[in-house]
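Values in this document were obtained by computation on a predicted structure and should not be read as measured data.
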Amino acid sequence: MATRPKPATATKSKPAEKAAPTRMSLAEVMSALEKAGTEQARKTYARHGASGPMFGVSFADLKTLMKRIKVDQELALALWSTGNIDARNLAVKVADPRLMTPNDLDRWASEMTMRGCNAYVAHLAVEGPHGTSRVEAWLKSSSEALRCCGWMLVGALAKRDESLSRDWFAPHLATIEKTIHQAPNHEREAMNGALISIGCRDAMLRKSVLAAAKKIGTVTIDHGDTDCTTPDATAAIEKAWAHSVAKGFESPAAQERNRESMRTRC
């Protein structure tokens, strides 16, 4: 009997590979930023010290763009070089911390004019390999902008870097206790923030910081024409600990390490 030929087996086609998302060009990003800008945001940012060209883009819109871009170091450097405030605020969100050089970090820390946003540069340093080296360099600087960023970096390290020993923070705490009232206005604000963050690291530093805060007393900061207020260190630390413990964390720092970096979440 003749053998019947086997029916041909249909060849399964491989699913089509998804095309890689198209990178946004600098021109495209700048156009998107310009369209998202508002006069109200420009006024608000100016009150917070922003100087130079800006469109006035909300941080909600910046985050939308950040999610589209993700991480793009080349674009981040190009955005920064424009000198535009909104472009720089976006640059710190899409930069690759591992690729930021000490020179990049020094330049960005000294050139960021919008108060509070230099905290993003500090977090870039924490997330990369140059965190502790930038602390030493920035706190010794004659530039108030760099010293402010240095204190923000101390605070960021307190909450994010588990590798540092408790002793590393002791001299910085002593400096804050001795000099905060004599420091320039914006540096005083950064020092107060660092004080609170150190007090959130662990139970022993909490005790040391609360003792220092009692000696320091009230810290007075001029926030200009803004709605910002100066947090009382003792109250802020105790509130942070109560919140983190209620959430099941051993410290506010442990809770912060469990979250997305403030550089990209805020």
Side-chain angles (χ1 to χ4, degrees), residues 48-49 80 88 92 95 97 100-202 204-206 208-213 215-217 219-223 228 230-231 233 236-237 252-253 256-257 261-263:
H48 284 81
W80 191 272
R88 288 182 168 182
V92 292
M100 292 292 291
T101 68
N103 286 339
D104 290 332
L105 291 166
D106 291 348
R107 182 163 54 87
W108 287 24
S110 64
E111 292 176 352
M112 177 63 85
T113 60
M114 191 167 156
R115 287 195 301 275
C117 289
N118 38 11
Y120 293 121
V121 183
H123 276 264
L124 267 176
V126 169
E127 295 168 44
H130 307 296
T132 53
S133 72
R134 294 306 87 203
V135 165
E136 304 309 320
W138 294 348
L139 291 184
K140 291 177 182 177
S141 175
S142 60
S143 163
E144 183 183 353
L146 279 176
R147 293 196 307 275
C148 286
C149 210
W151 287 115
M152 290 179 179
L153 180 48
V154 170
L157 286 164
K159 285 190 170 182
R160 304 290 302 191
D161 191 338
E162 290 184 272
S163 70
L164 292 175
S165 71
R166 187 178 297 117
D167 292 341
W168 187 89
F169 294 94
H172 299 301
L173 177 56
T175 298
I176 293 171
E177 183 180 331
K178 291 177 183 177
T179 67
I180 189 169
H181 290 300
Q182 292 76 46
N185 188 64
H186 297 312
E187 184 176 3
R188 193 158 63 246
E189 182 178 16
M191 294 172 90
N192 193 55
L195 181 70
I196 293 169
S197 292
I198 295 171
C200 290
R201 184 173 176 85
D202 62 40
M204 289 189 68
L205 280 171
R206 173 190 184 185
S208 298
V209 169
L210 290 176
K215 293 178 183 178
I216 290 169
V219 176
T220 302
I221 297 164
D222 181 3
H223 296 281
C228 297
T230 304
I237 291 167
E256 178 63 24
R257 291 192 297 271
S261 167
M262 66 81 64
R263 177 178 66 87

**OP:** Of all the heavy-atom pairs spanning P184 and R147, show the shortest one and how long it is.
**Re:** CG-NH2, 3.8 Å
**OP:** Scan for salt bridge (Lys or Arg N to Asp or Glu O under 4.0 Å) pairs involving residues 123-143, sequence neighbours excluded, and state none if there are none.
**Re:** D106-R134, E127-R263
Subject >> Shortest non-hydrogen contact from R257 toward R160 >> reply: CD-O, 3.6 Å
**OP:** Could you pull out the closest heavy-atom pair between K159 and C200, with the gap in Å?
**Re:** CE-CB, 4.1 Å
Subject >> S197 OG to I237 CD1 distance, which is reported to the nearest 0.5 Å >> reply: 8.5 Å
Subject >> Residue pairs passing the side-chain hydrogen bond (donor to acceptor under 3.5 Å, both in side chains) test where at least one lies in residues 116-125, sequence neighbours excluded >> reply: none
**OP:** Of all the heavy-atom pairs spanning P102 and H130, show the shortest one and how long it is.
**Re:** CD-NE2, 3.5 Å
Original post:
How would you list, by chain and number, every residue that makes a salt bridge (charged side-chain N to carboxylate O under 4.0 Å, His left out) with E144, sequence neighbours excluded?
Top reply: none
Can I get a per-line list of side-chain donor-acceptor pairs under 3.5 Å for residues 167-182, giving both atom names and the distance, sequence neighbours left out?
residue : atom : partner : partner atom : Å
T175    : OG1  : P171    : O            : 3.0
T179    : OG1  : T175    : O            : 2.7
H181    : NE2  : I216    : O            : 2.7

Original post:
Which heavy atom of L157 sits nearest a heavy atom of V135, and at what distance?
Top reply: CD1-CG2, 3.6 Å
Original post:
Would you say H48 and C228 make side-chain contact, with heavy atoms under 4.5 Å?
Top reply: yes
**OP:** Locate the shortest heavy-atom distance separating A156 from V126; write the atom from each residue and the value.
**Re:** CB-CG2, 3.4 Å
Subject >> Side-chain heavy-atom pair L124, D104 within 4.5 angstrom cut-off >> reply: no
Original post:
S141 side chain to A137 main-chain N or O, any donor-acceptor pair under 3.5 Å?
Top reply: no
Subject >> Partner residues of A109 under the side chain to side chain contact (heavy atoms under 4.5 Å, CB included) criterion, sequence neighbours left out >> reply: V121, W138, L146, C149
Name each donor-acceptor pair under 3.5 Å that joins a side chain in residues 188-196 to protein atoms two or more places apart or in another chain, with its distance.
residue : atom : partner : partner atom : Å
R188    : NE   : T220    : O            : 2.7
R188    : NH1  : A183    : O            : 2.5
R188    : NH2  : N185    : OD1          : 3.2
R188    : NH2  : T220    : O            : 3.0
N192    : ND2  : P231    : O            : 3.0

Original post:
Under the side chain to side chain contact (heavy atoms under 4.5 Å, CB included) criterion, do M112 and W80 qualify, and how do the steps go?
Top reply: CA-CA 10 Å; M112 177 63 85; W80 191 272; 3.8 Å; yes
Original post:
So do the side chains of E111 and R88 get within less than 4.5 Å of each other, counting heavy atoms only?
Top reply: yes
